[in-house]
Amino acid sequence: MTSWQGEAEDANEAPGGHVPTPGEPPRPAPDRPVGIAVVGAGYWGPKLVRNAQHTRALRLHWLCDLDLAKARRVLGEYSTVGATDSYRRVLDDDRVDAVAVAVPAAAHHRLVRAALEAGKHVLVEKPITTSAAEAAELVELAEARGLVLMCDHTFCYTPVVRRIRELVHGGEIGDVQFFDSVRINLGLVQPDVDVLWDLAPHDLSILDFVLPPGVEPVEVSAQGADPIGAGRACVAYLTVRLSNGALAHCHVNWLSPTKVRTTLIGGSRRTLVWDDLNPQARLAVHDRGVDLTPPEEVTDAIRHRALISYRVGEMVAPALVEQEALRNVMAEFAAAITEGRAPLTDGRAGVRVLRLLEAASLSLELGGATVPVGASARDGAACPPADRAAVR
């Protein structure tokens, strides 16, 4: 292997279909810690190494990187962990039950596939691959082999997002009416992807994680701008129509002089406000909203008045225990393997996020047109102009 990029050259595959829940449970390893190797010693790899070393259910055996000297520098005091530039050596080691892949996304498909074919469970950082078709292929392979394939959607393992999921799934906010997120800051303008592919995966993975059962994205529209001439969208607005008629909206921006990280989730009973830059009150639950008088309760006495009323109640800030999200990621990965179950953010979650991103890219190409979830730029390019009426 000469480069991570070389591991991912022939990555274009036919679109994948529905990915079912794995029928065969993953191979458990209950009698000992799960042996793991980290692949990639760049920005994220050292964080995986540190958290693997502090997760009792895991035993770190290798850090693999093409730059062997870098891998050795990252390991430092971890003298019991081997450093190697040979991915094959890692996959041939019987002590290694699982690998955590933290390399450029272009290499994900080939490296993850090789690990699954070698019988290893896989944790892969976002995005799972560079296309939904490749991701669906990997999910099907993991299912056939009875292996865990987990996406490192790190925000989903923060205490605040876990609490939001509990409140939404438990019905405390009522029916979801809107989802609105803002993720803006100054830089970094990426050389190979636009701002949607750089920042929106965070919010889309959160949306996928917290939506209640039975509510799912159905259509996507996106608009972007490149005011600095970078050659790609640096400011973008993404709108997702949900199956219950609600809208989810994401604003991402590389050019804002101030950093904003907020998410609002409105429900028929309560509204959640998450400000990730406010550690004193990251999450606020507002008993405020709009009530509509049901038609059957409208009497002649109130018919002349507005049917809409405004509810103003108390605000509660739930207590949240500060925990490192990546530590929770590693614990969930180990638990999914040993318990023989799918992780909270499995490969299917990665496929769903990629389908939203691909539909957003197609919408950008079509000037903000609304396209169905699952449509990609490749699909749009293949459509003659007369057939694009199906892409609204």
Side-chain angles (χ1 to χ4, degrees), residues 40-48 50 70 102-106 108 125-128 130 151-161 164 178-210 220-240 247-265 272-284 320 322 324-326 329 353-354 356-361 363-365 367-368 377:
Y43 173 75
W44 204 242
K47 301 178 187 295
L48 292 171
R50 176 171 54 82
K70 179 191 290 186
V103 302
H108 285 184
E125 69 172 325
K126 69 161 189 68
I128 180 173
T130 56
C151 295
D152 181 8
H153 291 166
T154 312
F155 273 103
C156 298
Y157 294 90
T158 59
V160 62
V161 175
I164 289 172
F178 66 87
F179 176 102
D180 194 287
S181 67
V182 179
R183 186 174 299 274
I184 65 176
N185 54 265
L186 192 60
L188 295 169
V189 175
Q190 301 297 322
D192 53 347
V193 295
D194 63 21
V195 70
L196 273 174
W197 280 79
D198 181 39
L199 297 182
H202 295 299
D203 301 290
L204 295 178
S205 65
I206 293 167
L207 174 68
D208 179 78
F209 187 70
V210 305
V220 177
S221 62
Q223 292 188 332
D226 177 20
I228 62 173
R232 61 196 62 83
C234 296
V235 180
Y237 298 86
L238 171 64
T239 301
V240 181
L247 290 181
H249 185 263
C250 302
H251 172 201
V252 289
N253 186 342
W254 281 330
L255 308 181
S256 170
T258 59
K259 183 176 182 178
V260 180
R261 296 284 187 273
T262 60
T263 300
L264 283 75
I265 303 176
L272 307 179
V273 180
W274 168 27
D275 182 355
D276 201 45
L277 302 184
N278 182 6
Q280 283 74 39
R282 292 193 193 278
L283 180 63
L320 300 171
E322 292 294 331
E324 185 172 3
L326 194 51
V329 170
V353 170
L354 281 171
L356 289 172
L357 288 169
E358 289 182 344
S361 292
S363 178
L364 280 180
E365 289 190 10

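All values below were derived from every heavy atom in this structure, side-chain atoms included, with hydrogens, water molecules and symmetry-related copies excluded.
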Problem set entry | salt_bridge(Glu125, Lys47) N-O dist < 4.0 Å |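 So Glu125 does not pair with Lys47 through a salt bridge.
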Exercise. Does the distance from a Lys or Arg side-chain N to an Asp or Glu carboxylate O, for Arg282 and Asp276, drop under 4.0 Å?
Worked result: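 Yes, Arg282 and Asp276 are salt-bridged.
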Heavy atoms only: give me the nearest [X]-[Y] pair and the separation to one decimal.
X: Ala102; Y: Gly45; value: CB-N, 4.0 Å
X: Asp194; Y: Trp254; value: C-CH2, 3.5 Å
X: Thr154; Y: Leu326; value: CG2-N, 4.2 Å
X: Pro201; Y: Leu357; value: CG-CD1, 3.8 Å
X: Cys156; Y: Ser205; value: SG-O, 3.6 Å
X: Val240; Y: Val220; value: CG2-CG2, 4.3 Å

Hey, what do you get for [atom1] ([X]) to [atom2] ([Y]), rounding to the nearest 0.5 Å?
X: Phe178; Y: Ile265; atom1: CZ; atom2: CD1; value: 9.0 Å
X: Thr130; Y: Trp197; atom1: OG1; atom2: CH2; value: 7.0 Å
X: His251; Y: Ser256; atom1: NE2; atom2: OG; value: 7.5 Å
X: Asn253; Y: Leu186; atom1: CG; atom2: CG; value: 9.0 Å
X: Cys250; Y: Leu356; atom1: SG; atom2: CG; value: 9.0 Å
X: Glu324; Y: Thr158; atom1: CD; atom2: OG1; value: 12.0 Å

Exercise. Considering only heavy atoms from C-beta outward, does the side chain of Leu283 approach that of Leu272 to under 4.5 Å?
Worked result: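 The answer is yes, as the side chains (C-beta and beyond) meet within the 4.5 Å cut-off.
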For this session: Run the numbers on Val161 and Trp274 for side-chain contact (heavy atoms from CB on, under 4.5 Å), then give the verdict.
Result: CA-CA 9 Å; Val161 175; Trp274 168 27; 3.4 Å; yes
So, does [X] use its side chain to make a donor-acceptor pair with the main chain of [Y] at under 3.5 Å?
X: Ser363; Y: Ala359; answer: no
X: Asp180; Y: Leu264; answer: no
X: His108; Y: Val103; answer: yes
X: Arg232; Y: Pro191; answer: yes
X: Gln190; Y: Leu188; answer: yes

Exercise. How are the rings of His202 and Phe155 set relative to one another: parallel (under 30°), tilted (30 to 60°) or perpendicular (over 60°)?
Worked result: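 Because their plane-to-plane angle is over 60°, the rings of His202 and Phe155 count as perpendicular.
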For this session: Could you walk me through whether Val252 and Leu238 pass the side-chain contact (heavy atoms from CB on, under 4.5 Å) test, one step at a time?
Result: CA-CA 8 Å; Val252 289; Leu238 171 64; over 6 Å; no
For this session: In sequence, state the C-alpha distance, the side-chain angles, and the governing distance for His153 and Val353, and then conclude on side-chain contact (heavy atoms from CB on, under 4.5 Å).
Result: CA-CA 10 Å; His153 291 166; Val353 170; 4.0 Å; yes
For this session: For Ser181 and Ile206, run side-chain contact (heavy atoms from CB on, under 4.5 Å): C-alpha distance rounded to whole Å, both residues' side-chain angles, the deciding distance at 0.1 Å, then the answer.
Result: CA-CA 10 Å; Ser181 67; Ile206 293 167; over 6 Å; no
Problem set entry | Residue pairs passing the salt bridge (charged side-chain N to carboxylate O under 4.0 Å, His left out) test where at least one lies in residues 197-206, sequence neighbours excluded |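 Matches after skipping sequence neighbours: Arg183-Asp203.
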